[in-house]
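A short worksheet on the structure shown next.
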Protein chains: 2
Amino acid sequence: MSTDTTRTAILRAAERLYAERGFSDVTLRDIVAAAEVNLAAVNYHFGSKDELITELFVTRSIATNRERLNQLKAAEAAGGGRAPVEAVLRALVGPTLRGCLGPDSERSDAARFMIRATIEAIAPIHKIKNREIDHLRKFAAALRRSLPGKADAEIYWGLHFALAMAHQTVRDSERLTRLSDGKCDLDDVEGVINRVVAVTALALTASKPAADDKAPARRGR
Amino acid sequence: MSTDTTRTAILRAAERLYAERGFSDVTLRDIVAAAEVNLAAVNYHFGSKDELITELFVTRSIATNRERLNQLKAAEAAGGGRAPVEAVLRALVGPTLRGCLGPDSERSDAARFMIRATIEAIAPIHKIKNREIDHLRKFAAALRRSLPGKADAEIYWGLHFALAMAHQTVRDSERLTRLSDGKCDLDDVEGVINRVVAVTALALTASKPAADDKAPARRGR
DNA sequence: GTCTATAGAGTGATAGAC
DNA sequence: GTCTATCACTCTATAGAC
């Protein structure tokens, strides 16, 4: 309790500032000022600025991925080993969108930090990003179970587009709000999730299947 | 000819470096080294680093928007004032994707620079970004003509998702290639454009219309 | 563990010779 | 218009007192 109060203060302040302003123009001095700790504390607790960012990213990355996999597992268990396409996609984009949008900015910092981290070309994170591919493969496998006969490429394009819509919505929510004069309600998080899931599911199920016939819908061992 | 050879050398080098490495870690010294000109030349020709970036962004922004509008205009003229949804979307995402993807890295720098510029939180550009909203309104209006009776919010979501898919494809093409083990062919630019257009058009036409009936498909006033 | 003070290497911008 | 030289400033990282 007495131990890491400074440490967590730094982590929280860094996450909030990076989420708000991006990595380019947030300095260690900004962080320690917001955390109300001393400049040297950062190097004492984390070693360097890059290691601080890495720790932040790894922690959040693990948490998000775990939440995604839990939801995927639950959906597949409920369906006897095979989840509907919509459920798989919901498990993929739901955690991120729920964290980023909506009026409660509680977990917002964490999720917006992650979006920024995956977008901006920041050195320490680029190395870790490979793990996300392994993570996505699990969702590709789940979709393959949901859509037997669908070509692999179609499934990958579906995942890619689902993440694209989710991320862009978080990243550039301001533009959509302004463009639509508020007609697109970004505070309705579940509504946004439903949209992303519906569009992707439509794309995955409506287009031509891989080889033989149409929709071997259910029960396929 | 003798006049602005230095000036354009700086512009080209800056665009290439920013496209490749992002704005965060490209310095004026990197730029002048790549352009093989003197450090002071940047401030002489552009006044400041921010003004250099601004000039780059404004120039490319105007060019892209003009190409988009030309294609939109041509499509609407061919349809007697009303273009198919697919044609409107193609005019929107085609120029960007054609510039960014594909084996020819000729215009690639310009387009990838633009993607980076719209994403990374870079001060001088944030101010200009408002103009893009006015530009997008023209495509919203075109879609409204193509889809009478469709709710405005649906149209805005469609534009938003189309741009999301196009931008993410450019930005993170590496991840999709690796995830799919090359099964998703990003060198097939027209194929990618067709995918983005098809998914968006599907979302715009398949979902529930605004108020009354289904699909007042063609010929409406 | 936390602080002050400072080192050491960058940065963008500019003055002034040519 | 182009160069050299340098200013003023910022950054991260660290040494050493407490």
Side-chain angles (χ1 to χ4, degrees), chain A residues 1-58 113 116-117 120-128, chain B residues 1-58 113 116-117 120-128:
Chain A
M1 181 196 226
S2 81
T3 70
D4 52 9
T5 166
T6 297
R7 188 184 160 84
T8 60
I10 293 172
L11 283 171
R12 261 200 263 277
E15 185 167 61
R16 182 171 60 80
L17 290 178
Y18 284 138
E20 285 173 1
R21 292 159 40 188
F23 293 94
S24 357
D25 53 20
V26 172
T27 69
L28 284 189
R29 283 173 171 77
D30 295 332
I31 293 171
V32 298
E36 294 178 323
V37 302
N38 189 270
L39 174 60
V42 173
N43 281 294
Y44 175 79
H45 285 285
F46 300 96
S48 72
K49 185 190 188 182
D50 280 4
E51 288 171 272
L52 165 62
I53 294 177
T54 301
E55 166 143 349
L56 223 33
F57 182 76
V58 170
F113 167 86
R116 276 242 149 84
E120 293 186 30
I122 192 75
I125 283 172
H126 215 78
K127 308 168 192 167
I128 318 171
Chain B
M1 181 193 223
S2 81
T3 70
D4 52 9
T5 165
T6 297
R7 185 184 162 84
T8 60
I10 293 172
L11 283 171
R12 263 202 260 277
E15 184 167 61
R16 182 171 61 80
L17 289 177
Y18 284 137
E20 284 174 1
R21 291 159 39 189
F23 293 93
S24 358
D25 53 21
V26 172
T27 70
L28 283 188
R29 284 171 172 79
D30 294 333
I31 293 171
V32 298
E36 295 179 321
V37 302
N38 188 269
L39 174 59
V42 174
N43 282 295
Y44 175 80
H45 284 285
F46 299 96
S48 72
K49 184 190 188 183
D50 280 5
E51 287 171 276
L52 166 62
I53 294 177
T54 301
E55 167 144 349
L56 223 33
F57 182 75
V58 169
F113 167 85
R116 275 239 147 86
E120 292 185 33
I122 192 74
I125 284 173
H126 214 78
K127 310 168 193 169
I128 318 171

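So that the names make sense, note that chain A is the first sequence line, chain B the second, and so on, each numbered from 1.
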Output all residues satisfying salt bridge (Lys or Arg N to Asp or Glu O under 4.0 Å) with A:Asp30, sequence neighbours left out; order by chain, then residue number. A:Arg21
With B:Arg12, which residues qualify under salt bridge (Lys or Arg N to Asp or Glu O under 4.0 Å), at least two apart? none
Nucleotides 4-7 of chain D: which of its N/O atoms have a protein N/O under 3.5 Å away?
from, atom 1, to, atom 2, distance (Å)
D:dT4, OP2, B:Asn38, ND2, 3.2

What is the separation between atom [atom1] on [X] and atom [atom2] on [N], rounded to the nearest whole Å?
{"X": "B:Asp4", "N": "D:dT2", "atom1": "CG", "atom2": "P", "value": "10 Å"}
{"X": "A:Ile31", "N": "D:dC11", "atom1": "CD1", "atom2": "P", "value": "11 Å"}
{"X": "A:Asp25", "N": "C:dG12", "atom1": "CG", "atom2": "P", "value": "14 Å"}
{"X": "A:Leu28", "N": "C:dG10", "atom1": "CG", "atom2": "P", "value": "17 Å"}
{"X": "A:Lys49", "N": "C:dG10", "atom1": "NZ", "atom2": "P", "value": "16 Å"}
{"X": "A:Asn43", "N": "D:dC11", "atom1": "CG", "atom2": "P", "value": "14 Å"}
{"X": "B:Glu36", "N": "D:dT2", "atom1": "CD", "atom2": "P", "value": "14 Å"}

List for me each residue that meets side-chain contact (heavy atoms from CB on, under 4.5 Å) alongside A:Ala34, sequence neighbours excluded, and say none if there are none. A:Ala13, A:Arg16, A:Leu17
For A:Leu39, check side-chain contact (heavy atoms from CB on, under 4.5 Å) against everything at least two apart and list the hits. A:Leu28, A:Arg29, A:Val32
Any chance you could measure A:Ser24, atom OG, to B:Glu120, atom CD, to the nearest 0.5 Å? 6.5 Å
With sequence neighbours excluded, give me every salt bridge (Lys or Arg N to Asp or Glu O under 4.0 Å) pair touching residues 33-50 of chain A. none
Electrostatic pair A:Arg116-A:Glu15, nearest N-O below 4.0 angstrom: no
So if I take every side-chain heavy atom of A:Tyr44 and compare against D:dA13, C:dG12, C:dG1, which nucleotide ends up nearest? C:dG1
Among D:dG1, D:dA13, C:dT2, which is the nearest nucleotide to the side chain of A:His45? C:dT2
Any side-chain N or O of B:Thr6 below 4.0 angstrom from OP1/OP2 of D:dT2? yes
So, using side-chain hydrogen bond (donor to acceptor under 3.5 Å, both in side chains) as the criterion, who are the partners of B:Ser48 when residues are at least two apart? B:Glu51
Which residues in residues 8-15 of chain A have a heavy atom closer than 4.0 Å to any atom of DNA chain C? none
So the ring-ring contact (aromatic ring centres under 6.0 Å, His included) pairs with at least one residue in residues 25-44 of chain A (sequence neighbours excluded) are none
